[in-house]
Amino acid sequence: MLTIGFVGAGTVGTALALSLPSEKYKVLAVYSRTPSSAQRLAQLVPDCQYCQTAQKVADAAELVFITTPDDVISKIASEIDWHKGQGVLHCSGAYSIDILEPARQCYANVGSIHPLQTFASINEAVKNLPGSTFALEADEPLLSRLKELASALNGRYVELKPGNKVLYHTAAVFVSNYLVTLIKLALDLWQDFGVSANEATKSLLPLLKGTVNNIENIGLPNCLTGPIARGDLGTIDKHLNALKAINSPSFTTYQELGLQTISIALAKGKIDDDRAEELKTLLKGQDTK
Ligand SMILES: NC(=O)c1ccc[n+]([C@@H]2O[C@H](COP(=O)([O-])OP(=O)(O)OC[C@H]3O[C@@H](n4cnc5c(N)ncnc54)[C@H](OP(=O)(O)O)[C@@H]3O)[C@@H](O)[C@H]2O)c1
């Protein structure tokens, strides 16, 4: 049984604490900047104690997760007297384990485990976590422990080198955060023809889910449908004109995403190089004649 502590009782810390299987992991200590955050986590996990300092968590647990905002991880790591051989983790997707250098200097084993999942609320995160990928960075023996931990959370893992982390996290931003932005842009257009955001969301969700199903079951590039996949210049021209007519702030996003979509359509084989050039010219706003 591995003893676990958390410094930072926010969404990720609490969702992980609730998801770790109790037969293998004993979450026994938690500290957070605001006592009520730590107390909430402590109440949700049987036999978990709320601590008044981060040091008490480090003194109690074999493996400590620092699940605070990225900007304070390094400072917290430097303020604690870590124990030799103890495991110290962060969950940031963009930072390498270098920010845990102060813990390494105390001869702790440092690592990072980034859940490639969106933690918008504790309840939803607990539901979404099984099946997620965890990006791991650590040396042995901690690396093996992290692989076991990912499996215990019913997840899979990838090992990342420090130099790869920022691009890895940028990719996650595209898939998760900017998908939210795309939905927002679509909802704004529905507002323009008088449908509430709530109704528009309900209407667009089956399309979104169908697209995700096609990505999963058909894969790129064949999952791409729509006017660029078909090479329908006239339809795209109509879209551009309609966005221009309402002075939509999504005009340039439509252009840029359209340009990025042409290579997928080419790979699918439904358009040829000539049609791809025509699409590029149209989307760049150049004269097609
Ligand atoms: N959100 C996601 O989708 C997601 C996904 C993957 C990884 N991550 C990573 O997970 C980590 C935590 O993110 P999160 O979304 O859980 O953030 P969060 O919900 O904001 O939680 C952070 C927690 O840390 C506490 N805290 C702040 N400063 C502190 C300090 N100096 N000492 C102790 N506790 C402090 C916060 O304050 P209070 O005690 O005042 O409540 C809060 O409870 C980050 O490294 C993030 O990059 C996030």
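Given the structure is predicted, the values throughout are model-derived calculations rather than measurements. Note that ligands are numbered from 1 as they come in the structure, with each ligand's atoms numbered from 1 the same way.
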Is there any N or O on [X] that sits under 3.5 Å from an N or O of ligand 1?
X    : value
F119 : yes
T11  : yes
G13  : no
D70  : yes
H114 : no

Can you check which of [options] brings a heavy atom nearest to [atom]?
atom                    : options        : value
atom 8 (N) of ligand 1  : V57, N177, V12 : V12
atom 33 (C) of ligand 1 : K75, R33, H90  : R33
atom 39 (O) of ligand 1 : G93, S32, A9   : S32
atom 22 (C) of ligand 1 : T67, D71, I76  : T67

Side chain to side chain donor-acceptor pair (under 3.5 Å) between S36 and T34, intermediate numbers included | CA-CA 6 Å; S36 59; T34 308; 5.7 Å; no

Considering only heavy atoms, does S37 approach ligand 1 within less than 4.0 Å through its side chain, its backbone, both, or neither?
->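 Side chain only.
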
Using 4.0 Å as the upper bound for N to carboxylate O, is an ion pair formed by R104 and E101?
-> yes

Aromatic ring proximity, centroids under 6.0 angstrom, F65 and F6 =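 Under 6.0 Å, so yes.
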
Would you check if the distance from the ring center of H239 to the ring center of Y254 is below 6.0 Å?
-> yes

More than 12 non-hydrogen atoms from neighbouring residues, nucleotides or ligands closer than 6.0 Å to CG on N177, yes or no?
-> yes

Please work out whether the ring planes of F193 and W190 are parallel, tilted or perpendicular, with thresholds of 30° and 60°.
-> tilted

Ligand 1 contacted by Y95 (non-hydrogen, < 4.0 Å) |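 No; Y95 lies far enough from ligand 1 that no heavy-atom distance drops under 4.0 Å.
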
